[in-house]
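Beneath this line is the structure, given in structure tokens, with notes to follow.
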2 protein chains.
Amino acid sequence: MPTPDRTSLPEIVGAGRELLELGGLDGLTMQAVAARVGVRAPSLYKRVTGREALIALVADATLRDLAAVVQRAADAAGADPRDRLRALARAVRAFARDRPAAFGLVFAPGSELRLAPERLEAAAAPVLAATAELAGADHALDAARTFTAWANGFIGMELAGAFRLGGDVDRAFEFGVEALVGAVAGSTVAGSTVAGSAGAGSAGAGSAGI
Amino acid sequence: MPTPDRTSLPEIVGAGRELLELGGLDGLTMQAVAARVGVRAPSLYKRVTGREALIALVADATLRDLAAVVQRAADAAGADPRDRLRALARAVRAFARDRPAAFGLVFAPGSELRLAPERLEAAAAPVLAATAELAGADHALDAARTFTAWANGFIGMELAGAFRLGGDVDRAFEFGVEALVGAVAGSTVAGSTVAGSAGAGSAGAGSAGI
DNA sequence: ACCTGAACACCGTTCAAGT
DNA sequence: ACCTGAACACCGTTCAAGT
């Protein structure tokens, strides 16, 4: 009769997520994960290819949560696409504040993570739906990229403590929300008339995207 | 008669910058730096406190270069603040493409870097000057933060290969530039009338900021 | 004064040996 | 089948010893 397994993949990923928030990526060591799940480091390799794969699983779980949060926020915001965009931006910001290290991992500029395309699409879908309504199908993708770039950029800078010139950061965020909502709604955009071609995609590695 | 020094701090920082672009932060090891400057790893500690300090020096040098690039782009763009913003965004994007790893380091969401305030101000000054003209003193800081967040976010996502839904990324960039220039110019911003107070600043650690 | 080899405390990862 | 200790190849960093 075989003894019951002493740990599991979900437990390992969970330990990784906790350690990530506690001590950053440096704190996410195989030994620390192993200790947290009550096992020795070599045993982890029964369920995970290695540290990089574990980090990818942590990122995937984070992105899955983010997609759910974002979907819920959009649903709760009602029919007005402007309100949905505002709600999306605020929901992502709250998510990032709640799990800063995980957010930083998923949206890190240099990471070589291969996030699952279906997760990316799930996270991006609500923004795209809103911008399609506001900017029209031709500009939906450009508008979604503009809005997402601003939101991710703002939140990333805020997490990094990059707003150091004083002023009210909450006010700057709301200013940005309104500026982007207005801009994406097209009233000030000197829109080109190029059709929004959805090509093959460059399929590069990278962080959460659209 | 003492023998001449076999290396120097600038040489070490230069080696660090090269290694960063060649192999990312993981490739920036003390041993690799030492080998590149023709010395053994322990000797580096004569000129640098440790690896983290070296990384901070690399980031500082990068930010210094970026500030110079940005200043030059603004100067060359002429008197129209809209043109200056367009030129700034494109200059930062070109800089990031030229040195992606260094850009990622300086603008990483989670980094614990303590960039020098004077470098940050130098890098931010041209944007602030342009937004002050476009949005007025009351909204200059909010507008600069909005524009910078979008630019950093877009470039970071592009570097990470995060635009995977097809379409033309260059077109998305230009769409974003025009959207932000228009938004920052205030035509669509439902501006609050709160005065732009430049308070003490939260003085947190973090990446390049404004 | 600068440089070095040796050493220490960590990593990630592999693997033969245990149960 | 899962787990482990021991080992290996790396790290960053310290320090006594060399010149």
Side-chain angles (χ1 to χ4, degrees), chain A residues 1-60 101 104-105 108 110-114 205, chain B residues 1-60 101 104-105 108 110-114 205:
Chain A
M1 189 145 78
T3 52
D5 294 1
R6 258 173 256 186
T7 185
S8 67
L9 184 55
E11 204 187 357
I12 289 170
V13 174
R17 299 179 77 176
E18 292 165 11
L19 286 166
L20 176 63
E21 291 310 330
L22 288 172
L25 215 41
D26 289 348
L28 177 33
T29 71
M30 297 300 270
Q31 319 211 10
V33 170
R36 204 158 241 262
V37 302
V39 106
R40 299 291 189 167
S43 299
L44 299 176
Y45 293 80
K46 280 279 127 148
R47 339 226 174 231
V48 161
T49 317
R51 182 173 179 263
E52 249 179 74
L54 175 52
I55 290 172
L57 289 172
V58 167
D60 185 71
L105 171 66
S111 82
E112 298 293 326
L113 292 171
R114 290 203 159 274
Chain B
M1 191 142 79
T3 52
D5 293 2
R6 260 173 254 186
T7 186
S8 66
L9 185 57
E11 204 187 357
I12 289 170
V13 174
R17 300 179 77 175
E18 292 164 11
L19 286 167
L20 176 63
E21 290 312 328
L22 288 172
L25 215 41
D26 288 348
L28 176 33
T29 70
M30 296 301 270
Q31 318 210 11
V33 170
R36 204 158 241 261
V37 303
V39 104
R40 299 292 190 167
S43 299
L44 299 177
Y45 293 80
K46 280 280 128 151
R47 339 226 174 230
V48 161
T49 316
R51 182 173 179 263
E52 249 179 75
L54 175 53
I55 290 172
L57 289 172
V58 167
D60 185 71
L105 171 66
S111 83
E112 298 293 327
L113 292 171
R114 291 204 159 273

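The sequence lines fix the lettering, A, B, ..., with proteins before strands; numbering per chain opens at 1. Just so you know, these numbers use all the heavy atoms, side chains as well, and skip hydrogens, waters and symmetry mates.
- A 4.5 Å side-chain heavy-atom check between B:Leu105 and B:Val58 finds at least one atom pair inside the cut-off.
- In this structure D:dC2 sits in a base pair with C:dG18, meeting the Watson-Crick or G-U test at under 3.5 Å.
- Spacing between atom CG of B:Leu9 and atom P of C:dC2 amounts to 13 Å, rounded to whole angstrom units.
- Rounded to whole angstrom, the span from the CZ atom of B:Arg6 across to the P atom of C:dC2 amounts to 12 Å.
- Proximity of B:Val48 to B:Val13: side-chain heavy atoms (C-beta onward) are nowhere separated by under 4.5 Å.
- Side-chain contact between B:Ile12 and B:Val39 is absent, with no heavy-atom pair separated by less than 4.5 Å.
- Looking at residues 34-55 of chain A, you'll see A:Val39, A:Arg40, A:Pro42, A:Ser43, A:Lys46, A:Arg47 sit with a heavy atom under 4.0 Å from some atom of DNA chain D.
- Between the side chain of B:Arg51 and the backbone N or O of B:Leu28 there is at least one donor-acceptor pair closer than 3.5 Å.
- Judged by Watson-Crick or G-U wobble contacts below 3.5 Å, the nucleotide D:dT13 has C:dA7 as its partner.
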Tell me, with the steps shown, if B:Asp5 and B:Lys46 meet side-chain contact (heavy atoms from CB on, under 4.5 Å).
CA-CA 11 Å; B:Asp5 293 2; B:Lys46 280 280 128 151; over 6 Å; no
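- Atom pair B:Leu19:CG and D:dC11:C1' shows a separation of 15 Å (rounding to whole Å applied).
- Rounded to whole angstrom, the span from the CG atom of B:Asp5 across to the P atom of C:dA1 amounts to 12 Å.
- Within the 4.5 Å cutoff, side-chain heavy atoms of A:Leu22 are placed close to those of A:Arg36.
- Rounded to an integer number of Å, the gap from CG of B:Leu28 to P of D:dC11 is 12 Å.
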